[in-house]
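The structure appears below as structure tokens.
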Amino acid sequence: MTIQTNQTTPHASWSPVTTRRGEVTRWSRTIIPTLRDAPAEATTPSHQLLLRAGYIRQVAAGVYDYLPLAWRSLRKVSEIIREEMNAAGGSELLMPALAPIELFEETGRAQDYGDDLFRLEDRHGRRTALGPTHEEVITDFLRHAVTSYRQLPLTLYQIQTKFRDEPRPRAGLLRCREFIMKDAYSFHLTVDGPGGLNDAYDAMYRAYCNVFRRCGLDFTVVEAESGPIGGSASHEFMVNCETGEDTILRCPETGYAANVEKCEIGERPWSFESGAGVQPVTLQKHHTPDMPGIDIVAGHLRVTPAGMLKTLVLQPAAGVNSGGVKWVLAIVRGDHEVNLGKVRDAVGFKVALGDEKAARQAGFAIGYVSPRAARGTPNCMLVVDPDAAQGASAWATGADEPDHHVTGFVWSRDCPDNPASAGYVKVADIRNAQVGDPSPRCTGARLVAQRGLETGHIFKLGSKYSVAMGFSVMDESQVRQPVIMGCYGIGVSRTMAACVEMSHDENGIIWPAALAPYHAEIVLMKPDEPVHAALAERLAGDLADAGLDVLIDDREERPGVKFKDADLIGMPVRLTIGQKALDAGGVEFKPRADEGKGEVVGLDLVVGRCLASLAR
RNA sequence: CAGGGCGUAGCUCAGUUUGGUAGAGCACCUGCUUUGGGAGCAGGAUGUCGCAGGUUCAAAUCCUGUCGCCCUGACCA
């Protein structure tokens with residue numbers, strides 16, 4: 001057996017300008033445990049393929065080994081992120097995964113994060129958390145290290161393993177308990193102006209677009225929940241793919257896109273007046289026992305869910321100032337979903353589902369509540385979605401007594417304004433947007449839906465953490481100011497999985513050149529044929545000289561096995577060295593994304609051909 | 001957390017209803033043949049049937065408990 005020298009050892013002499021030389025790996029000397037069948041527990045494409053192609057192995061629920069191929073790909077994602085973060089003015093550092101729980105108690109996140117925070121206790125009984133993100137840790141560092149406004153602005157980031165005790169890990173790398181994340185934090189004295197938060201936020205926005213574009217991903221930027229500063233203070237970067245966990249809505253005219261929970265809905269006409277020429281209908285009570293779900297009730301009453309009013313009994317969230325309001329009834333059409341965030345914006349304070357016991361005591365027939373329940377209930381607010389505030393329609397709704405519903409409900413007749421609730425009736429957008437709703441940005445346009453996978457999120461934090469942790473600096477006029485912060489995350493391991501999710505076929509993964517563990521795979525048909533083996537080594541060396549990473553499949557396997565595995569692991573270019581092609585004066589060249597068997601390319605042209613193909 | 005499903009060889013699974021010697025295909029090892037899309041023949045190795053109790057002459061199979069994993073939902077900076 002001959003000893004193979006490592007051809008990628010860099011020269012000992014140092015040079016300030018380096019052209020990266022590619023790396024060469026032999027399959028027989030690494031481990032790529034491909035599987036013919038996908039393990040039964042994998043159901044999503046990226047999970048199945050990453051397992052089958054020998055990239056990952058499960059260690060526990062939501063915990064995975066990153067095997068050599070996956071780690072190479074992850075490093076490529078990380079390197080792209082580093083370059084863009086550095087270009088955007090960031091400095092990389094590394095904080096610990098372990099952090100004392102007291103830090104999270106300072107900001108209240110020990111409570112807010114709840115069971116999602118991984119907790120452990122060391123031998124001394126010290127309570128410790130495994131970091132889910134590092135706002136507290138970095139703020140703790142900087143409140144000691146930064147004392148003057150002259151040290152700001154500052155952007156710091158790290159690429160690190162993060163921990164979340166997910167209630168239900170799923171879909172392989174897409175929702176893990178342990179995962180790799182890039183988290184960045186920026187610090188400012190002001191929101192606007194040079195060196196302000198908005199500058200850094202915009203720079204990050206551009207950097208994120210660059211990162212995902214360079215990764216070869218098809219993505220959409222969506223507006224997410226507004227932060228404490230207002231405006232569009234948060235954006236999510238969603239990879240477009242059908243299997244994505246999130247539904248996003250998009251205005252085809254303006255490019256406005258938002259998460260389904262956050263999406264605004266355009267103007268909708270409404271009126272409680274019944275109008276002229278409407279046939280009078282009588283209010284009729286119906287016995288509707290044991291009918292869980294609005295569809296069943298609607299079927300029994302011979303109406304559609306869209307012909308019903310759904311009433312949710314809500315209460316002000318614990319500890320908020322509701323101005324004396326004790327109950328909030330949220331009314332939407334039966335086929336719509338109440339959005340608690342929108343209700344909060346409409347009423348001006350945070351709300352939660354009402355406590356069932358207390359609601360019953362207050363006289364609400366839970367499950368059979370109608371808008372009329374607001375009458376006679378003191379301190380009860382009524383919030384109605386425009387689609388439900390249609391006075392010209394006769395509605396089906398609850399009868400406000402157990403096991404009964406009514407039909408023929410007319411707003412103007414059956415629910416006149418309640419003296420006890422005077423001024424407490426409000427019409428507002430309080431439901432989740434859906435396909436076909438009017439665009440909030442363009443009259444006449446309708447929202448369309450697409451599925452997405454969140455791989456990045458940028459956020460204007462404001463001074464939430466700096467105030468809670470006492471991080472302030474002296475400004476020019478010698479006034480102490482809380483530092484204003486932004487935070488910016490990218491799921492590194494999730495980005496890799498999202499790429500597989502987005503780009504594969506029935507035979508395996510199809511990597512974009514930027515994230516592929518190796519740019520090219522050389523399939524050696526006869527590894528024990530010295531001439532062939534020597535050619536493979538020479539070709540790999542030439543490719544490496546051109547900056548390409550190369551995997552040589554030198555296993556003693558049948559051709560079929562090697563071709564199947566090559567398709568499965570998905571390197572962008574496949575070069576086959578076999579007698580057939582050699583007799584024709586070259587090697588067989590085939591891009592992974594192309595159909596067919598490839599073509600013979602002369603030896604002196606192969607490198608150029610590979611480079612051209614990868615640059616596409 | 002609620003509902004459902006699964007745990008038997010490295011992988012996919014049969015066997016559990018009706019208790020009676022632990023199975024198949026693929027993978028693995030050896031030899032021969034074969035060599036451009038998951039080969040053929042011959043031989044070989046492989047298991048605390050998730051774990052712990054219980055019932056029984058006898059438990060993968062029945063009972064009780066427990067752990068793990070998956071799916072749907074709730075949840076998700």
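Order of the sequence lines fixes the chain letters, A, B, ..., with proteins taken first and strands second; residue numbering starts at 1 for each chain. The structure presented is a predicted model; accordingly, all values stated were derived computationally and were not measured.
Look at B:rU16: it lacks any Watson-Crick or wobble partner with both distances under 3.5 angstrom. B:rA45 is unpaired under the criterion used here, namely a Watson-Crick or G-U wobble arrangement in which both key atom distances are under 3.5 Å. Of all nucleotides present, none satisfies the Watson-Crick or G-U wobble test against B:rU35 with each distance under 3.5 Å. Look at B:rA59: it lacks any Watson-Crick or wobble partner with both distances under 3.5 angstrom. Across all strands shown, B:rA27 has no partner, as no Watson-Crick or G-U wobble contact with both distances under 3.5 Å is found. The base-pairing partner of B:rG73, taking Watson-Crick or G-U wobble contacts with both distances under 3.5 Å, is B:rC1. Across all strands shown, B:rG7 forms a Watson-Crick or G-U wobble pair, both distances under 3.5 Å, with B:rC67.
Each of A:Ala581 and A:Phe179 was assigned the nucleotide of RNA chain B with the nearest heavy atom; the assignment lying further toward the 5' end belongs to A:Ala581. Along RNA chain B, the nucleotide closest to A:Pro167 and the one closest to A:Lys564 are compared, and the more 5′ of them pairs with A:Lys564.
Salt bridge absent: A:Asp553 and A:Arg574 never bring a charged side-chain N and a carboxylate O closer than 4.0 Å.
Contacts of A:Asp565 with the nucleic acid, taken as non-hydrogen atoms under 4.0 Å apart, include base atoms. Using a 4.0 Å heavy-atom distance criterion, A:Ala42 is classed as making no nucleic acid contact. Across all strands, A:Asp183 comes closer than 4.0 Å to no nucleic acid atom at all (heavy-atom distances). Contacts of A:Pro132 with the nucleic acid, taken as non-hydrogen atoms under 4.0 Å apart, are absent. Among the protein residues, A:Lys562 comes within range of no part of the nucleic acid, since none of its heavy atoms lies under 4.0 Å from any strand.
Look at CD on A:Glu41: it is 22 Å from P on B:rG4, rounded to the nearest Å. Rounded to an integer number of Å, the gap from A:Gln58 CD to B:rG7 P is 17 Å. A straight line from CZ of A:Phe563 to P of B:rA39 spans 13 Å, rounded to a whole angstrom. Across the protein-nucleic acid pair, A:Arg109 atom CZ and B:rC76 atom P stand 14 Å apart, rounded to whole Å. One interatomic measurement links the two molecules: CG of A:Leu51 to P of B:rC11, which rounds to 11 Å at whole-angstrom precision. The CH2 atom of A:Trp27 sits 16 Å away from the P atom of B:rG38 (whole-angstrom rounding). Residue A:Arg175 contributes atom CZ, which lies 12 Å from atom P of B:rA74 at whole-angstrom precision. To the nearest angstrom, P of B:rA27 lies 14 Å from CZ of A:Arg52.
For the C1' atom pair drawn from B:rA39 and B:rC6, the interatomic distance equals 34 Å after rounding to whole Å. Annotation: B:rU61 and B:rC51 have their P atoms spaced 10 Å apart (nearest Å). B:rC67 and B:rC28 are spaced 38 Å apart, taking the P atom of each and rounding to whole Å. On the P atoms, B:rC49 is 13 Å away from B:rG53, given to the nearest whole Å. Comparing B:rU55 with B:rC63, their C1' atoms sit 7 Å apart, to the nearest whole Å. For the C1' atoms, the distance linking B:rA14 with B:rC75 amounts to 38 Å, nearest Å. Comparing the C1' positions of B:rA22 and B:rA59 gives a spacing of 13 Å, expressed to the nearest Å. Here, B:rU21 and B:rC57 have their C1' atoms 16 Å apart, quoted to the whole Å.
Distance from the side chain of A:Arg168 is smallest to B:rC71 among B:rC71, B:rC70, B:rG37. Out of B:rG37, B:rC71, B:rC28, the shortest distance to the side chain of A:Arg170 is found at B:rC71. Checking B:rC28, B:rA74, B:rC11 against every side-chain atom of A:Asp37, the shortest atom distance belongs to B:rC11. Checked against B:rA74, B:rC28, B:rG37, the side chain of A:Arg574 finds its nearest nucleotide in B:rG37. Among the nucleotides B:rA27, B:rG37, B:rA74, the one closest to any side-chain atom of A:Arg36 is B:rA27. Which of B:rU72, B:rC69, B:rU12 sits closest to the side chain of A:Pro39 comes down to B:rU12.
Contact annotation: A:Arg558 reaches the phosphate of B:rA39 (side-chain N/O to OP1 or OP2, under 4.0 Å).
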With salt bridge (charged side-chain N to carboxylate O under 4.0 Å, His left out) as the criterion, how do A:Arg143 and A:Asp140 come out once you've worked through the C-alpha distance, each side chain's angles and the decisive distance to 0.1 Å?
CA-CA 5 Å; A:Arg143 67 179 158 181; A:Asp140 178 53; 2.7 Å; yes

Apply side chain to side chain donor-acceptor pair (under 3.5 Å) to residues A:Thr247 and A:Arg451 and explain how you reach the verdict.
CA-CA 5 Å; A:Thr247 301; A:Arg451 302 288 285 175; 2.4 Å; yes

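When each of A:Phe219, A:Tyr488, A:Tyr205 is checked for a ring-ring contact (aromatic ring centres under 6.0 Å, His included) with A:His235, only A:Tyr205 meets the rule.
A:His134 has its side chain within reach of A:Lys162: a pair of non-hydrogen atoms, C-beta onward, lies under 4.5 Å apart. In this structure the side chain of A:Leu197 reaches within 4.5 angstrom of the side chain of A:Ser186, judged on heavy atoms. Residues A:Arg109 and A:Thr133 form a side-chain contact, since some pair of their non-hydrogen atoms from C-beta on lies under 4.5 Å apart. Considering only heavy atoms from C-beta on, A:Tyr66 comes within 4.5 Å of A:Ile180 through its side chain.
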